[in-house]
*Asks:* 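Submitted below is the structure of interest, expressed as structure tokens.
Every heavy atom of this structure was used, including side-chain atoms; hydrogens, water molecules and symmetry mates were not. Letters A, B, ... mirror the listed sequences (proteins, then strands); counts begin at 1.
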Number of protein chains: 2
Amino acid sequence: MADELFKALADATRRTILDELAQRSGQTLFEICARLSTRHDLGMSRQAVSQHLAVLEAAGLVETRREGRYKFHDLNTAPLEHIAERWTRPDDHQERRS
Amino acid sequence: MADELFKALADATRRTILDELAQRSGQTLFEICARLSTRHDLGMSRQAVSQHLAVLEAAGLVETRREGRYKFHDLNTAPLEHIAERWTRPDDHQERRS
DNA sequence: ACGTTAGGCAAGTAGAAACTTGCCTGTCAA
DNA sequence: TTGACAGGCAAGTTTCTACTTGCCTAACGT
């Protein structure tokens, strides 16, 4: 569960996609592809971006809604909020396996 | 720079090591190895743990001090504090490449 | 109806991780 | 000063991950 979040954040391209959605949420796959190509120097296939979005969605960082043939991607920052607390407030995260 | 931080957090074993140091900071490599073996089910070679610690240190999450033949590892949570802000306060992180 | 546009589904490949094994260096205690 | 202890370095292996290529489905416009 937390694993997918950290794995999703581990890739620089995925973090750039999050940046893109932070600036303009609700973009389609093709829009994101176009913006990554122009604004950043990421020449990547549509498939690559699609797979990245799938990883981000599995981590809960991106939510999608379909409308006709369009699929819009929205940023969800909620999973990011409590990352630090795991180690800054260690009492909350002790493993209780008794 | 930020890349090393997210890469460091991507691995579950490394996050467990951070948990361990959050509970008891200042442990040596052998102490961490022993505790990972007993408290968690991670049967790993000393080398593996050592390499994980190197990654965590490169990310700034662990700081070390040598005393004689002992090397103590301390947790540093500072790099964790502002992770979420990159996307929750997007204005602060726009790429300014003129 | 037909071409175009938006997106999905494998299967394959190249490179990067994680982990191991073996040996080597430095520190301390007896 | 010799042996045990704490740790480091350098391969090598295997597993995972990012990316590509090729084809396929669904929705829309004309």
*Asks:* For the base of D/dT17, is there a side-chain donor-acceptor partner from A/Gln51 under 3.5 Å away?
*Replies:* no
*Asks:* Quick one: B/Asp3 CG to C/dA16 C1', roughly how many Å, whole number?
*Replies:*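 After rounding, the gap between these two atoms is 12 Å.
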*Asks:* Which is more 5' along DNA chain D, the nucleotide nearest A/Tyr70 or the one nearest B/Gln47? Just name the residue.
*Replies:*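 The residue mapped nearer the 5' terminus is B/Gln47.
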*Asks:* Whole-Å distance between D/dC28 P and A/Phe30 CZ?
*Replies:*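 Between P of D/dC28 and CZ of A/Phe30: 15 Å.
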*Asks:* Counting only side-chain N and O atoms of B/Lys71, is one of them less than 4.0 Å from OP1 or OP2 of D/dG8?
*Replies:*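 It does, given that an N or O in the side chain of B/Lys71 lies less than 4.0 Å from OP1 or OP2 of D/dG8.
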*Asks:* Would the base of C/dG7 count as contacting A/Arg66 through its side chain, where contact means a donor and an acceptor less than 3.5 Å apart?
*Replies:*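 When only heavy-atom distances are counted, A/Arg66 does not reach the base of C/dG7 through any donor-acceptor pair under 3.5 Å.
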*Asks:* Does C/dC19 have OP1 or OP2 under 4.0 Å away from a side-chain N or O of B/His52?
*Replies:* yes
*Asks:* Would you say the base of C/dT27 and the side-chain of B/Glu67 have a donor-acceptor pair closer than 3.5 Å?
*Replies:*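 Not at all, since no donor on one side and acceptor on the other fall under 3.5 Å apart.
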*Asks:* Name the residue closer to the 5' end of DNA chain D, choosing between A/Ser45 and B/His73 according to the nucleotide with the nearest heavy atom.
*Replies:* B/His73
*Asks:* With a 4.0 Å limit, can you tell me whether A/Thr28 has a side-chain N or O closer than that to the phosphate oxygens OP1/OP2 of C/dA6?
*Replies:*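 So the side-chain polar atoms of A/Thr28 never come under 4.0 Å of the phosphate oxygens OP1 or OP2 of C/dA6.
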*Asks:* Would you mind reading off the distance between A/Leu56 atom CG and D/dA18 atom C1', rounded to a whole angstrom?
*Replies:*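 Taking CG of A/Leu56 and C1' of D/dA18, I get 13 Å after rounding.
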*Asks:* May I have the distance from A/Leu29 (atom CG) to D/dA27 (atom C1'), rounded to whole angstrom?
*Replies:*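 Atom CG in A/Leu29 sits about 15 Å away from atom C1' in D/dA27.
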*Asks:* Run the numbers on A/Gln23 and A/Arg39 for side-chain hydrogen bond (donor to acceptor under 3.5 Å, both in side chains), then give the verdict.
*Replies:* CA-CA 12 Å; A/Gln23 273 198 272; A/Arg39 301 169 53 92; 3.1 Å; yes
*Asks:* Is B/Arg15 salt-bridged to B/Asp19, going by a charged N under 4.0 Å from an acidic O?
*Replies:*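 Judged by the 4.0 Å cut-off on N to carboxylate O distance, B/Arg15 and B/Asp19 do not form a salt bridge.
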*Asks:* Name the residue closer to the 5' end of DNA chain C, choosing between B/Ala10 and B/Arg46 according to the nucleotide with the nearest heavy atom.
*Replies:*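 Checking each residue's closest nucleotide, the 5'-ward one belongs to B/Ala10.
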*Asks:* Has the side chain of B/Arg69 got a donor or acceptor that lies under 3.5 Å from a partner of the other kind on the base of D/dC5?
*Replies:*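 Between D/dC5 and B/Arg69, which were checked side chain against base, a qualifying N/O pair under 3.5 Å is present.
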